[in-house]
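These notes are about the structure you will find just below.
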Amino acid sequence: MAQQAGAGRRYIRAFVSGFFVAVPVTVTVLDRFAYVARVEGASMQPSLNPEGNVTGSDVVLLNRWSVRNYQVRRGDIVSVLSPKNPQQKIIKRVIALEGDFIKTLGYKNRYLRVPDGHFWIEGDHHGHSLDSNSFGPVSLGLVHGRASHIIWPPNRWQRIEPSLPPERKPLLNWHGDTTEEED
């Protein structure tokens with residue numbers, strides 16, 4: 001009987017010590033490296049949520065490590081804190097980077113140079129997206145993560161590659177660079 005009580009205490013002690021190691025490690029991983037998020041709404045159709053219903057929502061892996069120095073590329077799908085509501089995170093595609101000249105889709109200025117420290121984001125489903133065409137260039141400081149993989153539903157498992165619709169490429173880069181991506 002005494003041996004059973006000793007084994008039970010060892011089990012509880014091992015569980016508690018493992019718990020106090022696992023929780024900080026998990027929190028660190030989620031805070032620094034990656035986390036998952038469910039994509040809701042139609043703004044990124046057809047890339048994300050092609051069926052558009054909540055029960056079939058895509059779940060994506062958001063890579064925080066890749067944006068730790070605010071380095072995003074044209075065509076990346078990123079999660080940012082909404083400039084309109086800081087309590088909300090939105091997922092959009094990066095269309096233009098700082099220094100790029102772009103033609104907007106309904107913003108107050110038809111043509112715009114993206115200011116330093118900012119980027120231009122849009123949903124893939126124009127007209128159904130609250131994006132830079134509504135609130136303007138977004139500060140790089142609001143970027144939260146880059147969508148790297150669709151992890152749910154299983155039939156949509158895939159890596160998300162940066163892609164930019166040809167009609168949405170920047171017109172010119174302020175620094176005189178071409179808008180073609182370099183390898």
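As the structure is a computational prediction, the values presented were derived from the model and not from experiment. Because only heavy atoms are used, hydrogens play no part in the values below, and waters and symmetry mates are left out as well, while side chains stay in.
- Both W152 and V36 sit in one connected hydrophobic cluster of ILVMFWY residues. Membership requires side-chain heavy atoms under 4.5 Å apart, directly or through other members.
- When side chains are defined from C-beta on, P170 counts as touching R74, because their heavy atoms get closer than 4.5 Å.
- The backbone N or O of P86 lies less than 3.5 Å from no partner atom in the side chain of S82, so there is not a single donor-acceptor pair.
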For I90 and V80, what are the C-alpha separation, side-chain angles and deciding distance, and is it a side chain to side chain contact (heavy atoms under 4.5 Å, CB included)?
-> CA-CA 6 Å; I90 58 176; V80 298; 3.5 Å; yes
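- Here the shortest heavy-atom pairing between L97 and V94 reads CD2-CG1, 3.7 Å.
- Taking the side chain as every heavy atom from C-beta outward, D131 and S43 never approach each other to under 4.5 Å.
- Residue I160 comes nearest to L48 through the heavy atom pair CD1-CD2, 4.2 Å, listed as atom of the first residue, atom of the second, then distance.
- Atom OG of S47 and atom CD of E161 lie 12.5 Å apart (nearest 0.5 Å).
- Although no hydrogens or angles enter the test, the distance criterion places a donor-acceptor pair under 3.5 Å between the side chain of N133 and the main chain of L105.
- A donor-acceptor pair under 3.5 Å links the side-chain atoms of N63 to the main chain of S66, judged by distance alone.
- Side-chain atoms of H125 come within 3.5 Å of backbone atoms of A42 as a donor-acceptor pair (strictly under, hydrogens ignored).
- One distance of note links CD of E122 with CG of L164; it measures 9.0 Å at 0.5 Å rounding.
- Hydrophobic clustering places Y35 together with V39 (ILVMFWY residues linked when any side-chain heavy atoms are closer than 4.5 Å, directly or through intermediates).
- By the rule that hydrophobic residues join a cluster once side-chain heavy atoms approach within less than 4.5 Å of another member, I150 and I77 end up as members of one cluster.
- Between R38 and S57, the side chains place no donor N or O within less than 3.5 Å of an acceptor N or O (distance only, hydrogens not considered).
- Panel note: side chain T104, backbone R110; a donor-acceptor pair is recorded below 3.5 Å.
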L112 and Y107: CA distance, side-chain angles, deciding distance, side chain to side chain contact (heavy atoms under 4.5 Å, CB included) verdict = CA-CA 9 Å; L112 176 95; Y107 187 60; 4.1 Å; yes
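- At a threshold of 4.5 Å between non-hydrogen side-chain atoms, the residues H149 and R159 count as touching.
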What do the steps show when you test I95 against S132 for side chain to side chain contact (heavy atoms under 4.5 Å, CB included), and what is the final call?
-> CA-CA 10 Å; I95 300 298; S132 286; over 6 Å; no
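- Closest of all the heavy-atom pairs between F119 and S139 is CE2-O, 3.7 Å.
- Residues W120 and F101 keep their aromatic ring centres 6.0 Å or farther apart.
- Shown here for V67 and G145, the closest heavy-atom pair between the two residues is CG2-CA, 3.7 Å.
- Rounded to the nearest 0.5 angstrom, I151 CD1 and D58 CG are separated by 10.5 Å.
- By the 4.5 Å heavy-atom criterion applied to side chains, K89 and L81 are counted as neighbours.
- The minimum heavy-atom distance linking S134 with S129 is given by the pair OG-O, 4.3 Å.
- S79 pairs with exactly one of H144, R146, K92 by the side chain to side chain contact (heavy atoms under 4.5 Å, CB included) rule, that one being H144.
- At least one donor-acceptor pair closer than 3.5 Å links the side chain of R168 to the backbone N or O of K103.
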Side chain to side chain contact (heavy atoms under 4.5 Å, CB included) between V60 and I91, worked out = CA-CA 10 Å; V60 296; I91 294 181; 4.2 Å; yes
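- Of all non-hydrogen atoms in G75 and R93, the two that sit nearest each other are O-NH1, 2.9 Å.
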